[in-house]
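A short worksheet on the structure shown next.
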2 protein chains.
Amino acid sequence: MAPNSKNKTHHHGDLRNALIAAGLDILKHKGLAALTLRACATSANVSHAAPAHHFQGLPGLQAAIAARGFQELTDHMRRELDSAGDDPHLRLSGICEGYLEFANQNPAMFQLMFSSTFDFQLDSDLLARSAEAYGVLSDTCAPFEIPGTGKEGGTEMLIWSLVHGFANLKLSDCLGPKDAPATRVAFADFLPRLQLRADRKDA
Amino acid sequence: MAPNSKNKTHHHGDLRNALIAAGLDILKHKGLAALTLRACATSANVSHAAPAHHFQGLPGLQAAIAARGFQELTDHMRRELDSAGDDPHLRLSGICEGYLEFANQNPAMFQLMFSSTFDFQLDSDLLARSAEAYGVLSDTCAPFEIPGTGKEGGTEMLIWSLVHGFANLKLSDCLGPKDAPATRVAFADFLPRLQLRADRKDA
DNA sequence: GCAACAACTTGACAGTGTCAAATTATAAGG
DNA sequence: CCTTATAATTTGACACTGTCAAGTTGTTGC
């Protein structure tokens with residue numbers, strides 16, 4: 001009667017996390033379109049309607065999976081920060097690299113996270129995880145913030161827009177044929193062209 | 001027997017464009033999720049399977065509609081250019097405003113255009129229309145290009161990433177609760193923080 | 001041991017995209 | 001003018017989706 005044994009009971013033990021794990025796997029190997037309630041249920045060896053008791057519909061499951069995505073994104077950025085030392089510039093380019101690496105390695109997840117098919121306000125976990133990622137970005141941008149101008153948050157939105165746009169454009173195939181000139185541009189060339197606060201001391 | 005009269009014949013005359021028009025209307029008023037083959041067919045007063053003969057499946061119809069989107073986007077940017085005069089800075093901020101205005105006014109279309117649910121390479125019209133939009137961007141960025149560095153296209157990708165990312169983040173609701181600090185940031189504050197070529201003469 | 005409750009299953013329904021086959025309108029040829 | 005061929009459209013079917021209602025079964029509290 002061990003709760004984690006293989007007894008084919010109705011109760012799964014931790015079906016919620018099992019469904020999320022199944023969804024993560026499907027997302028990674030079969031893409032966003034294959035992420036369906038029924039596929040997750042089948043993959044977790046439960047009936048097709050089981051997910052409804054743990055998530056309110058498909059958007060609910062998507063939100064829970066996206067929350068894991070933001071968690072992973074945060075990890076990617078934090079890992080870069082750890083090996084970046086104290087230089088604000090290195091730290092900034094570090095989280096950008098982490099952001100782009102995450103998008104590149106998990107295109108379907110990245111697509112899901114910003115697909116606006118679910119409501120961030122309805123899932124407190126998703127809200128917390130995305131806020132955490134935003135926090136890493138915000139902290140790293142803080143040294144470059146222009147104080148007292150009433151434009152707080154400007155630097156982080158500048159950086160976020162830049163990496164996010166770059167990641168999106170790379171994932172879409174709207175850059176023309178592969179090996180088009182636009183494809184060869186590297187993100188590393190962007191940061192030196194930003195007038196960040198610390199630049200004035202360096203220059 | 002006038003071909004454009006209301007005779008309920010099998011032949012529609014210009015069903016292809018009628019389906020695209022129906023799709024544009026659905027996209028604008030009911031959102032991306034409501035854009036289905038069957039809905040377009042019903043809206044055009046034809047049977048549910050009629051679209052298959054003019055588009056190869058849903059991705060084909062989406063591609064045709066997205067092509068119209070790129071056309072409109074080009075128009076938005078060109079209109080701003082016409083009223084911007086000769087100053088490269090004004091022209092650049094003009095197309096950015098046009099880009100953001102388009103995304104704001106047509107959120108579902110913008111979402112569709114970059115949703116990667118269809119293949120740009122498979123629709124020559126879509127390819128041409130998106131290339132045209134890219135051309136406007138590229139031309140406007142040309143005065144700021146750094147020559148002879150082997151980094152051609154860097155400026156346009158910098159600008160495109162920035163506007164595209166900003167538009168995407170605004171459309172997602174992942175910026176936290178409305179009236180969060182990140183929501184109050186205006187794009188106009190970004191351009192002065194870019195080290196563009198002409199800046200050095202001004203400064 | 002029994003009752004209440006939660007988890008899960010089963011079955012059904014309205015949608016969706018897509019295919020094959022049948023129907024009909026237009027166009028071409030004799 | 002009639003016949004034939006071809007293209008456009010319809011009809012019907014299939015598998016798949018999310019979602020709901022009702023039934024079943026395991027767990028829990030008393």
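Throughout, a chain's letter reflects where its sequence line sits, starting with A, and its residues are numbered from 1. This structure is a prediction, so every number in the text was calculated from the model and none was measured.
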field: B:D189 with B:R193: basic N within carboxylate O range, under 4.0 Å
entry: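 Looking at B:R193 together with B:D189, the answer is no, because their closest N to O distance does not fall below 4.0 Å.
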
query: Is A:R78 paired with A:E132 through a side-chain N to carboxylate O contact shorter than 4.0 Å?
result: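 Judged by the 4.0 Å cut-off on N to carboxylate O distance, A:E132 and A:R78 do form a salt bridge.
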
Could you give the [atom1]-to-[atom2] distance, from [X] to [N], as a whole number of Å?
{"X": "A:F118", "N": "D:dG18", "atom1": "CZ", "atom2": "P", "value": "15 Å"}
{"X": "B:R16", "N": "D:dT9", "atom1": "CZ", "atom2": "C1'", "value": "17 Å"}
{"X": "A:L15", "N": "D:dG26", "atom1": "CG", "atom2": "P", "value": "16 Å"}
{"X": "B:L19", "N": "D:dT10", "atom1": "CG", "atom2": "P", "value": "10 Å"}
{"X": "B:H54", "N": "D:dT9", "atom1": "NE2", "atom2": "C1'", "value": "8 Å"}

Residues within residues 23-34 of chain A bordering DNA chain C, heavy-atom distance below 4.0 Å: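 Contacts with DNA chain C under 4.0 Å: none.
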
message: Please confirm whether the ring centroid of A:F102 lies under 6.0 Å from the ring centroid of A:Y99.
response: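 Between A:F102 and A:Y99, the centre distance exceeds or equals 6.0 Å.
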
- line: Contact string for nucleotides 17-22 of chain C, one letter per nucleotide 5' to 3', B = base within protein heavy-atom range under 4.0 Å, S = sugar-phosphate only, - = neither, reads BBB---

message: Quick one, B:F166 and A:H164 - any side-chain contact, counting heavy atoms below 4.5 Å?
response: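 The answer is no, as the side chains (C-beta and beyond) never meet within the 4.5 Å cut-off.
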
- request: With the side chain counted from C-beta on, respond yes when B:L137 and B:I95 share a heavy-atom pair under 4.5 Å apart, and no when they do not.
  value: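 Side-chain contact under 4.5 Å: yes.
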
message: Does A:F55 form a ring-ring contact (aromatic ring centres under 6.0 Å, His included) with A:F118? I'd like the steps, not just the answer.
response: CA-CA 12 Å; A:F55 310 96; A:F118 45 83; over 10 Å; no

message: So, taking the atom named CG in B:L92 and the one named CG in B:D87, what distance separates them when rounded to the nearest 0.5 Å?
response: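 Result: 10.0 Å between the selected atoms.
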
query: Would you say A:N106's side chain and A:M109's backbone share a donor-acceptor pair under 3.5 angstrom?
result: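 Not confirmed, A:N106 side chain does not pair with A:M109 backbone.
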
